[in-house]
Enquirer: 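Please find one structure pasted underneath; my questions will follow.
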Amino acid sequence: MRIFRTTLRVGLASLALFTLLIAPAGPALAQSSPAELISQFRAKNGEGAVTMDATLNAIAQEQAAAMAAKDVLDHDVAGGFTSRVARSKAASAAENIAYGYADFPRTLGQWINSSGHRRNLLLKGASKVGIANAKSASGKTYWAMVIAGGYDKPKPKPDPKTKPAKDKAGKDASSKPKPTAPRDCTIRMLGMCI
């Protein structure tokens with residue numbers, strides 16, 4: 001009996017230690033941000049990570065709120081997507097909408113299992129995402145996600161060692177039209193060479 005008690009105590013102590021070590025990791029993994037969850041899915045499919053973007057979040061929130069206010073799942077309820085996403089200044093963007101699930105992981109799972117939504121999640125060159133939800137008066141949770149990429153890259157700075165040529169007035173001569181070589185004219189009339 002004594003061996004059993006000792007084994008039981010060691011077993012319970014090990015279980016308690018295991019629970020203390022593992023339990024904090026469980027909720028931390030479950031609380032991954034939507035951008036992290038999308039990035040994980042994108043990485044498994046050979047695409048780059050995305051980060052949350054305030055402008056895209058605002059666009060998604062307007063869409064989710066409009067759907068909840070009218071209790072309808074509709075891409076155009078807050079206006080056409082192209083006009084709504086224009087302020088993000090993205091070269092490419094896509095939108096996923098859904099309703100029904102109260103949490104993002106299950107909503108993401110629904111999108112992953114739908115070919116059109118999956119294609120949007122894997123948008124080539126996407127680097128930013130915005131996600132929002134809103135609850136309707138009937139209790140439905142509406143979700144909107146906007147994913148975008150192709151943002152303008154900063155223009156390269158001119159080489160400080162190379163200075164543009166200056167004209168007599170000290171202005172940049174490279175922007176002036178180049179003079180044409182003189183031609184032999186038989187007749188010159190009103191500045192034209194014939």
Enquirer: Hey, could you give me the CD/CG distance between Gln40 and Asn45, rounded to the nearest 0.5 Å?
Expert: 12.5 Å
Enquirer: To the closest 0.5 Å, what do you measure between CD (Gln61) and CG (Leu56)?
Expert: 13.0 Å
Enquirer: Any donor and acceptor pair, going by atom type alone, linking the side chain of Asp53 with main-chain N or O of Gly130 inside 3.5 Å?
Expert: no
Enquirer: Under 4.0 Å between a Lys/Arg side-chain N and an Asp/Glu carboxylate O for Arg87 and Glu62?
Expert: yes
Enquirer: Using the six-membered ring of Tyr151, assess whether NZ or CZ of Lys128 lies under 6.0 Å from its centre and within 45 degrees of the ring axis.
Expert: yes
Enquirer: Any idea which heavy atoms bring Ala93 and Val85 closest together, and the distance?
Expert: CB-CG2, 3.8 Å
Enquirer: Without hydrogens or angle criteria, can the side chains of Asp71 and Tyr142 be said to hold a donor-acceptor pair below 3.5 Å?
Expert: yes
Enquirer: I want to check something: taking the side chain as every heavy atom from C-beta on, are Ser127 and Val50 in contact at a cut-off of under 4.5 Å?
Expert: no
Enquirer: If we ignore hydrogens and angles and just use 3.5 Å, is the side chain of Trp143 paired with the main-chain N or O of Ala60 as donor and acceptor?
Expert: no
Enquirer: Atom CG of Asp76 and atom CD of Gln63: how far apart are they, to the nearest 0.5 Å?
Expert: 8.0 Å
Enquirer: Hey, what's the ring geometry for Trp111 with His117, parallel, tilted or perpendicular (30° and 60° as the breaks)?
Expert: parallel
Enquirer: Examine distances only and state if a side-chain atom of Asn57 and a backbone atom of Ile131 form a donor-acceptor pair shorter than 3.5 Å.
Expert: yes
Enquirer: Could you measure the distance from the CG atom of Leu37 to the CZ atom of Arg42? Nearest 0.5 Å is fine.
Expert: 13.5 Å
Enquirer: I'd like to know if Val129 and Leu122 are part of one continuous hydrophobic network [Ile/Leu/Val/Met/Phe/Trp/Tyr, side-chain heavy atoms within less than 4.5 Å].
Expert: yes
Enquirer: Counting distance only, does the side-chain N/O of Ser136 pair as donor-acceptor with the main-chain N or O of Lys140 below 3.5 Å?
Expert: yes
Enquirer: Consider only side-chain heavy atoms of I, L, V, M, F, W and Y, link residues closer than 4.5 Å, and tell whether Phe41 and Met52 are in one cluster.
Expert: yes
Enquirer: How long is the straight-line distance from CG of Asn120 back to CD1 of Ile97, given to the nearest 0.5 Å?
Expert: 10.5 Å
Enquirer: Please lay out, stage by stage, how Ser92 and Leu123 fare under the test side chain to side chain contact (heavy atoms under 4.5 Å, CB included).
Expert: CA-CA 8 Å; Ser92 61; Leu123 180 69; 4.1 Å; yes
Enquirer: To the nearest 0.5 Å, how far apart are CE in Met145 and CD1 in Ile38?
Expert: 5.5 Å
Enquirer: Are Val146 and Met67 grouped together when hydrophobic residues (ILVMFWY) are joined by side-chain heavy atoms under 4.5 angstrom apart?
Expert: no
Enquirer: Any chain of hydrophobic side-chain contacts (each under 4.5 Å) joining Leu121 to Tyr101?
Expert: no
Enquirer: How close do Ala98 and Thr107 get, heavy atom to heavy atom, and via which atoms?
Expert: CB-CG2, 3.9 Å
Enquirer: Give a yes or no answer on whether the side chain of Ser114 reaches the backbone of Gln110 with a donor-acceptor pair at less than 3.5 Å.
Expert: no
Enquirer: Considering all heavy atoms of both residues, which atom of Ala90 and which atom of Ala148 are nearest to each other, and what is their separation?
Expert: CB-CB, 3.6 Å
